[in-house]
Amino acid sequence: MNGTAIHHYLAEYHRREASNNTPWLQEQGLAALEKFRNNGLPTTRQENWKYTDIGALARTGFITADARHNTIEHHRLDAVRIKGLDCYELIFINGQFSPTHTRLEGLPAGVMVESLGRSLPNPSATVREHLNRYADNDNYAFTALNTAFLTDGTLLVIPANAVIEKPVNLLYISNRQDQTLVSHPRNLVILGANSRATLIESYIGLDKAEYFTNTVTEILAGEGASLEHYKIQQESERSFHIGSTHVTQQKDSRYVSHSISLGGALVRNDITATLGGNGSETILNGLYMAGDRQHVDNHTLVNHLQPNTRSEEYYRGVLDGHARGVFNGKIIVHKNAQKTDARQSNANLLLSDNAEVDTKPELEIYANDVKCSHGATVGQLDENMLFYLRSRAIDEETARSLLTYAFADDVIRRITLQPVRDRLEYSVIGRLPDASLIREFV
Amino acid sequence: MLQIKNLHATVDGKEILKGIDLAVNTGEVHAIMGPNGSGKSTLANVLAGRDGYEITQGTILYNGQDLSKMAPEIRAREGIFLAFQYPVEIPGVNNIYLLKAALNAVRKHRGEPELDAVEFLALVRDRMKVVAMKDDLMSRSVNEGFSGGEKKRNEIFQMAVLEPALAILDETDSGLDIDALKIVAGGINQLRNRERAIVLVTHYQRLLGYIVPDFVHVLADGKIIKSGDRNLALQLEEKGYDWVKQETVAA
Amino acid sequence: MPGQNEQVENLVKTEYEHGFVTDVDTDTVAPGLNEDVIRLISNKKGEPEWLLEWRLKAYRHWLKMTEPRWAHVHHEPINYQSISYYSAPKSKKTGPKNLDEVDPKLLETYAKLGIPLQEQKMLAGVAVDAVFDSVSVATTFKEKLAEAGVIFGSFSEAVQNHPDLVRQYLGTVVPTSDNFFAALNSAVFTDGSFCYVPKGVRCPMELSTYFRINASNTGQFERTLIIADEGSYVSYLEGCTAPMRDENQLHAAVVELIALENARIKYSTVQNWYPGDENGKGGIYNFVTKRGDCRGNHSRISWTQVETGSAITWKYPSCILRGDHSVGEFYSVAVTNNYQQADTGTKMIHIGKNTKSTIISKGISARHGQNAYRGLVRIGKGAENARNYTRCDSLLMGDQCGAHTFPYIETRNSSAKVEHEATTSKISDDQLFYCLQRGISEEDAVNMIVNGFCKEVFRELPMEFAVEAQKLLGITLEGAIG
């Protein structure tokens, strides 16, 4: 299986080689391809993929999307945009930048938001210095694959002390095309010292299309910088989504992630946050909801490298139907990272006997003056709450939906951007029975 | 209104109620008193239809209907209200929207039109006065972060909005300081009327100093061993539960 | 907190007190492992043909296996051909009939360890089976147990006297192919303890086995099999020591517990194998497979372990909760000091309905010690209303040590409730200051706090063991506070 997949991606690489217009990146791309050739795609024999079998993905001969696949009817964008959100916006169709739909008016001076693909032929010093520096091609096979196929995505550079109030929204839309496509979006986010920004990555699938999104985001948060990062995954129910976010944080920086995973047939999200500077802080919030035969896997790795660093992680999962949810949260406190404060919590709601949850919160601690804790639970809706609601005349089914929503909302309500919150609450409720009644409650 | 005959009920296979007979008519206030573990709260939960409370013998008729066949939400719509001894916190579910959904479910059941947001808010404003509810308690999640007293007040406030025909108040006085007790009791008295029956489940006579019951029943070991008027409560206060028990044994 | 490190230093500094060697003539087979060695072991023990075949099958399977690498421990590769697989004190060919026939030097050894075998000196109510290197040297209180119908003694005797019971249950909980070390044990095990408690019998006393490694270059591969028949109860204690030697010695035991309907087994271990010196030289590699099968409805198996010894500990006493309403428990204190490494925990496999498991794990790491909790809670599809509660706490003493937690939780039933909590911290300055302010010395304060930290586990131990465990903890950590 792996041999076929390796062969397929090598062939795809060579098929596209002619159109490669970034000779300066070629060496890194080839090195990543070589890593991929050696390591292949992960299997369940690997600890990090123990609960996620990507056989179906490996067996599919995805065709690499290119400029020809950049088509969408204009009116369809309105449906996917976040209502009421005043933002800068870049739109990608099947991973291809769509300049006609971009909204970047009024960007503060010095702030760079653009298609990475457009900046690759004549890269700035920043791009040359940072691109592919924070991504881990050695341990993440799909990241290596992304690097090998790197052609487009987003470049976001915030200079020192700059603050952009409006969020930057990246809309990655996939729709039905005449081939089964794979796209490899790559985002590079560089925050200068004491800068502040909000970034939204939305992955949205239309037309029940079958495709594969293999996305990688690299983030550097400079000294004192602050990034609020949303990842909203609403891919089509027949799609594959593999995404990894590699974050490197410097002194006193703050990184807040909200990862909401609702769509996709097979989904894997990886976040690696490296607290590389004294006093830096990482907050990871996550929600995954899966039904039918969806499989959603969230892996997070928080590396405390320096003293006085803090991390807090809060993930919740709701599994119904024949769905399977996987959570693996690892905290490593390195020798030097005294006074680390790390907390992690994962709670799961199992709504069906055919659903499954596999959770593995891990602590690896090599420093002694630390406070670390984690907790994981798997359970059902609280019987006392159910009875209370029913004794207040609420139907049992409505009460169940309401409590399921409340469980999920515990993550969503941590979101500060109201339009994003509204949109997610709407989407979450839409999945539940008695949706119209529940909307009354929120 | 409520006819309980020879009611036996078990919790986790253990028999708690061992033959209760009780009749409650419209407009009456009944106090059910008894020591800890006598089955008071079990009776309240059986009436409200909580899962895990199994009726093994006897009948409960409510307005002529067999209550045991009704889901808890149907009982609520038929006008039965339970004020919980331990009201649960439900994070993420707004207090006031729960109340609106509850009220409209009841109204719909009765064939009355649902209230729109404006009408509902007007009603809520009016009823908040009953137990002097604070505004901020209304915008929070159900009972979340409420103090013990606030939770009990919230229960009576919900009762004021839902206007039940039969209200069962389970240890509503427990855990209240004297000021809170006065507010809660005052609220209950305001809600007392000729169309409504109230069953007060309580351990102490204290609450009955504020709400004068028409009937007092002493529950011990799953049975009503003595019934009387308000003076029975006073005797109990003076002599303790053992007195009734002994008296019963002697008889 | 000034001085805390110093206190830790002092607490850690104590030497291993069971590190002497007993000078007895031994019958030791030359190092190396092949089918002939296995035949020789089987022959020396006069085993039936089926058992030899069972061993050979395990051996052939073992040859195809590789050493597990996933544990959070590091060691030089083990040369399985340099180990001697059989060592027995030379005495009467058939083994001692009673205590008078036991070599006085051996009795002296056990006396030094605080395990007097003379029955009159015994703590009332504890029957001991003592295993010295590869063989069982004495079992006490046999008659009294026999009166109750309890069979307790060495594994070798059981093979001779109760072959049907052994054959019926051996390898049914830990199959020969289960893992690398279990396969090796199945091929070469030399002795161990066997216990059968008949239907409805409450074993009249605590049963205990004391394991001692004495000879050098030997491995110890004992096998324990305990069967609690319907409605019976047994509490079993296990203690272990070894001499101080510069080389590492391998101890790869297998313990199988079977609890039938309404039966209960309580298995307690105080493991104090030689941990190596303060520079990490020498010490026992304790690679043990322990598993209990709650085969009957309403059965219950409790594992309690205090792991203070060994250079490396690799063990996961587990419960298969097959019977409806069965209960599995795991209470563990694991201490790693100096260069000790421990990767320990449990597996709770919920299969039956209304099954319940509790896991309480306390890890203490001092100096360069590395301590990992690794656990699996699996709720199978049919395990309606299964419940698990897990709590793993780690205490760090000194800035060179490590504490790690790797819990796996797999849930396939929507009526299951699983809760896992873990914390890692050092001794809180507030707690320490509070004690100091009340006039308690720092060392006593630390001892108190550490003991308090372990209390939930200690209270699961039978009284005599709890006292021993507390003392052991103090000794192991002497000077180690910080």
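Protein chains get the first letters and strands the later ones, always in sequence-line order, with residue 1 at the start of each.
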Is it the backbone or the side chain of [X] that comes under 4.5 Å from a heavy atom of chain C, or both, or neither?
X	answer
E47(A)	side chain
Y51(A)	side chain
S352(A)	backbone
A376(A)	both
N354(A)	both

Give a yes or no on whether a salt bridge exists between E362(A) and K360(A), defined as a side-chain N under 4.0 angstrom from a carboxylate O. yes
Between D358(A) and R324(A), is there a side-chain N and carboxylate O pair less than 4.0 Å apart? yes
Can you see whether H295(A) engages D297(A) through a side-chain donor-acceptor pair at a distance of less than 3.5 angstrom? no
If we ignore angles and hydrogens, is there a donor and acceptor under 3.5 Å between the side chains of T300(A) and Q344(A)? no
Please examine the side chains of T359(A) and Y315(A), heavy atoms only from C-beta on, and report whether any two atoms are closer than 4.5 Å. no
Taking the side chain as every heavy atom from C-beta outward, state whether N346(A) and P361(A) have any pair of such atoms under 4.5 Å apart. no
Can you confirm if the NZ or CZ of K362(C) lies within 45° of the ring axis of F453(C) and under 6.0 Å from the centre of its six-membered ring? yes
Return the option, out of [options], with the maximum number of heavy-atom pairs under 4.5 Å with chain C.
options	answer
V378(A), L349(A), V326(A), L351(A)	V378(A)
H374(A), K330(A), Q338(A), E356(A)	H374(A)
K335(A), R343(A), K371(A)	K335(A)
D353(A), I331(A), T377(A)	D353(A)
L363(A), V333(A), L350(A)	L363(A)

Greatest number of heavy atom pairs closer than 4.5 Å to chain A - which of S415(C), C401(C), S365(C): S415(C)
Can you tell me which of A372(C), A416(C), G402(C) forms the most heavy-atom pairs within a distance under 4.5 Å of chain A? A416(C)
S261(A) and N269(A): CA distance, side-chain angles, deciding distance, side chain to side chain donor-acceptor pair (under 3.5 Å) verdict: CA-CA 9 Å; S261(A) 214; N269(A) 297 306; 3.2 Å; yes
